[in-house]
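Okay, structure first, notes after.
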Amino acid sequence: MFGKKISKNSKNTTKPGLITENNHFYGKSCYAEVISNIFETSTKPIVLFVHGRGKHPSKTIKENLIKNIRDQYNVSVLSFTWPSWEGPSGFPDTSAMDSSDELTEIIKTLYRVKTNGAYKNPLSMLTHSMGSIVLQGIVEKELDNTLTKNIFKNIVINASASSQKNHGEWISNIDFAENIYIVSNTNDKALLCLEGKPKIVCKFLWHFDMSPRLGRIDSSNIDDTAANAHYVNFTDKLGKKHRYYINQTNSPSVFNFYNTTLNGKNFIAN
């Protein structure tokens, strides 16, 4: 199995693939071997992480995304990387949708390897920001018809950059997870920038004017819902944060949510 070592100086992803905990990139021909290796060497819950917009894989390395998820929740992590950068004012939603085919292949391989090896590790998926659009593509392109039900214990849709409008239509068709959690923060600065909200000074001077994003949804602005999803709103805990899933040791309720769901357990709100 030959992977490419990546670093904080690596060029941007041009083809989807997997990044492992030892910071190596693997393409499609290696998926089965990479996934078999993680099942064979780890007894921990396994998290498939789908990153958002940005200069990945260098951003993944610079900001220790895999390491932070692994260490803070005591899980094993595989990261799905996709071409997620089109410049400071770019919104690579077409690229995200196009990458859903490759993510589907990885999900199939996870299921096949786990089933054939009779491994007990619970599987969860964590999408961040535009990572939800890759997931959305699986459903809208009807690739989900090729997936077995309840492959994942949990899918956590974090700070979603998908549109709020009609989100119930695609999320309600996800049947390859037992539980789906949509995590929101109505004050999320990055999502407010995408919506072009006034008086918001955005990094890189982004210029967007999008409809409300799913990651800012709350009980007062839900137009439609997905009956199979749990809506978790942490607005009162997060300030203007966008990356809710790590470094939440000062907010026990937020930490408890991610620790529970990413370890493949049911989350019950207090």
Side-chain angles (χ1 to χ4, degrees), residues 18-23 34-52 60 63-81 103 106-107 109-115 117-129 131-132 134-135 147-160 171 174-185 215 226 228-234 237-238 241-270:
L18 281 174
I19 299 175
T20 56
E21 291 180 358
N22 64 350
N23 296 338
V34 169
I35 290 169
S36 294
N37 182 67
I38 198 170
F39 276 114
E40 290 168 2
T41 59
S42 176
T43 58
K44 298 177 182 179
I46 296 172
V47 175
L48 177 61
F49 172 59
V50 184
H51 64 66
T60 298
E63 302 184 16
N64 292 316
L65 300 185
I66 295 174
K67 182 179 184 297
N68 281 325
I69 297 170
R70 180 194 68 194
D71 293 351
Q72 291 176 30
Y73 305 114
N74 194 30
V75 294
S76 295
V77 183
L78 284 173
S79 180
F80 176 72
T81 188
L103 182 59
I106 289 170
I107 295 172
T109 306
L110 278 166
Y111 175 75
R112 184 173 63 252
V113 171
K114 181 178 180 180
T115 303
Y119 297 108
K120 303 299 183 182
N121 317 55
L123 294 174
S124 295
M125 180 191 292
L126 170 64
T127 70
H128 175 61
S129 197
S132 68
V134 185
L135 175 63
L147 297 175
T148 303
K149 290 185 178 181
N150 295 337
I151 295 173
F152 295 101
K153 177 67 177 181
N154 299 317
I155 292 180
V156 179
I157 302 173
N158 181 82
S160 172
I171 291 178
I174 297 176
D175 63 359
F176 47 93
E178 290 185 36
N179 302 301
I180 301 167
Y181 299 92
I182 299 171
V183 191
S184 62
N185 172 16
N228 60 334
H230 305 274
Y231 292 79
V232 182
N233 190 311
F234 282 132
K237 303 288 193 303
L238 296 171
K241 288 183 180 179
H242 181 54
R243 190 178 291 158
Y244 326 146
Y245 59 90
I246 52 175
N247 302 326
Q248 296 296 346
T249 53
N250 292 327
S251 182
S253 59
V254 178
F255 174 83
N256 180 59
F257 167 77
Y258 288 104
N259 192 47
T260 300
T261 54
L262 298 184
N263 272 277
K265 300 174 183 177
N266 294 328
F267 175 75
I268 301 174
N270 294 325

Yes or no on side-chain contact (heavy atoms from CB on, under 4.5 Å) for N233 and N185, after CA distance, side-chain angles and deciding distance?
CA-CA 6 Å; N233 190 311; N185 172 16; 5.8 Å; no
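- Ring planes of F257 and F267: perpendicular class, angle over 60° (limits at 30 and 60°).
- Screening I107, V113, I106 for a side chain to side chain contact (heavy atoms under 4.5 Å, CB included) with T109, the sole residue that qualifies is V113.
- By the 4.5 Å heavy-atom criterion applied to side chains, N121 and P45 are not counted as neighbours.
- Listed by chain and residue number, nothing satisfies the side chain to side chain donor-acceptor pair (under 3.5 Å) test with E21 (two or more places apart in sequence, or in another chain).
- Judged by distance alone, the side chain of N154 and the main-chain N or O of K265 form a donor-acceptor pair under 3.5 Å.
- Under the rule for a side chain to side chain donor-acceptor pair (under 3.5 Å), the partners of T20 that lie at least two apart in sequence or sit in another chain are N22.
- Classification of the Y258-Y245 ring pair by plane angle, with boundaries at 30° and 60°, yields perpendicular.
- Between the side chain of T81 and the main chain of H51, no donor-acceptor pair closer than 3.5 Å is present.
- Using a distance-only test at 3.5 Å, with no hydrogens or angles considered, a donor-acceptor pair links the side chain of N263 to the main chain of N259.
- Between V34 and I38, the closest side-chain pair of non-hydrogen atoms is not below 4.5 Å.
- More than 12 non-hydrogen atoms from other residues, nucleotides or ligands lie less than 6.0 angstrom from OH of Y119.
- Take S42 and apply the side chain to side chain donor-acceptor pair (under 3.5 Å) test, not counting sequence neighbours, and it matches S76.
- Under 4.0 Å is where a charged nitrogen must lie from a carboxylate oxygen, and between K149 and E178 no such pair does.
- Proximity of a side-chain donor or acceptor of S160 to a complementary backbone N or O of I157 within less than 3.5 Å is not detected.
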